[in-house]
Amino acid sequence: MVTLTNDLSRNADGKITGFVFNIAGKANATLSLATHPFLDLGTSPSAPPFGTFDGGVALGGDWTGSGSPNPGIVRGATGTFTFSVTGPGAAGLSAASFIGSAPEINFAVRFQGFANGGFDKTPGYFVPASSSLALLSLAGLGAAQRRHR
């Protein structure tokens, strides 16, 4: 389970429209339940400029963000995404298997809906919320410079 809170500053109206993650080990993650209408990105989704990941979700199933950002996670709101994790290494995974260690980026978030059609992509920072298998919370998203189309 991934719990994602949009904690952008009051001056930013961007919505979370997607996120990607890596899994340490041989396992696959498939979206099974979500509080927002995000679609699974399948295996090995590309998330420029950060590279290729093991799994993820986005509005419309598109990391690059075509379509309206309106169904995304608005500032101050939280989304919860439950994944089915399967494969030969799934039983041995823990929350730490999804966190990884610096300097490798193991999680990234996409924002859309800023003024003038702007968007942002930023790595996330994890805070484990529980020792339960694959229960993660994302807090304190680093603010990268906004990019414009």
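Below, each value reflects all heavy atoms present in this structure, side chains not excepted, and no hydrogens, waters or symmetry copies.
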_Stepwise salt bridge (charged side-chain N to carboxylate O under 4.0 Å, His left out) check, R110 with D120_ = CA-CA 6 Å; R110 179 174 171 90; D120 196 4; over 6 Å; no

*Rounded to the nearest 0.5 Å, how far does CG of N28 lie from CG of D54?*
8.5 Å

*If you look at every heavy atom in T52 and N22, which pair is closest and at what distance?*
O-OD1, 4.0 Å

*Indicate yes or no: at least one non-hydrogen side-chain atom of F21 is less than 4.5 angstrom from one of V109.*
no

*What orientation do H36 and F38 show, parallel under 30°, tilted 30 to 60°, or perpendicular over 60°?*
perpendicular

*Distance-only, no hydrogens or angles: does the K121 side chain make a donor-acceptor pair with backbone N or O of P48 under 3.5 Å?*
yes

*Look at the side chain of S32 and the backbone N and O of T82, then say whether any donor-acceptor pair between them is shorter than 3.5 Å.*
yes

*Kindly say whether I73 contributes a backbone atom to a donor-acceptor pair with the side chain of N6 at under 3.5 angstrom?*
yes

*Do V57 and F81 have side-chain heavy atoms sitting under 4.5 Å apart?*
yes

*Please confirm whether F107 and F50 have ring centers closer than 6.0 angstrom.*
no

_From CA spacing to verdict: side-chain contact (heavy atoms from CB on, under 4.5 Å), F83, V2_ = CA-CA 8 Å; F83 292 86; V2 176; 4.1 Å; yes

_Joint hydrophobic cluster, I16 plus V74, side-chain heavy atoms closer than 4.5 Å_ = no

*asked:* Within this structure, what is the CH2-OG distance for the pair W63 and S46, rounded to the nearest 0.5 Å?
replied: 9.5 Å

_Test item: side-chain donor near acceptor, T5 and D7, under 3.5 Å_ = no

*Start with the C-alpha gap between L4 and F19, add the side-chain angles, then the distance that decides, and say whether side-chain contact (heavy atoms from CB on, under 4.5 Å) holds.*
CA-CA 9 Å; L4 211 57; F19 65 91; 3.4 Å; yes

*Can you tell me how far the CZ atom of F111 sits from the CZ atom of R75, to the nearest 0.5 Å?*
12.0 Å

_Q112 side, atom CD; T17 side, atom OG1 - distance, nearest 0.5 Å_ = 4.0 Å

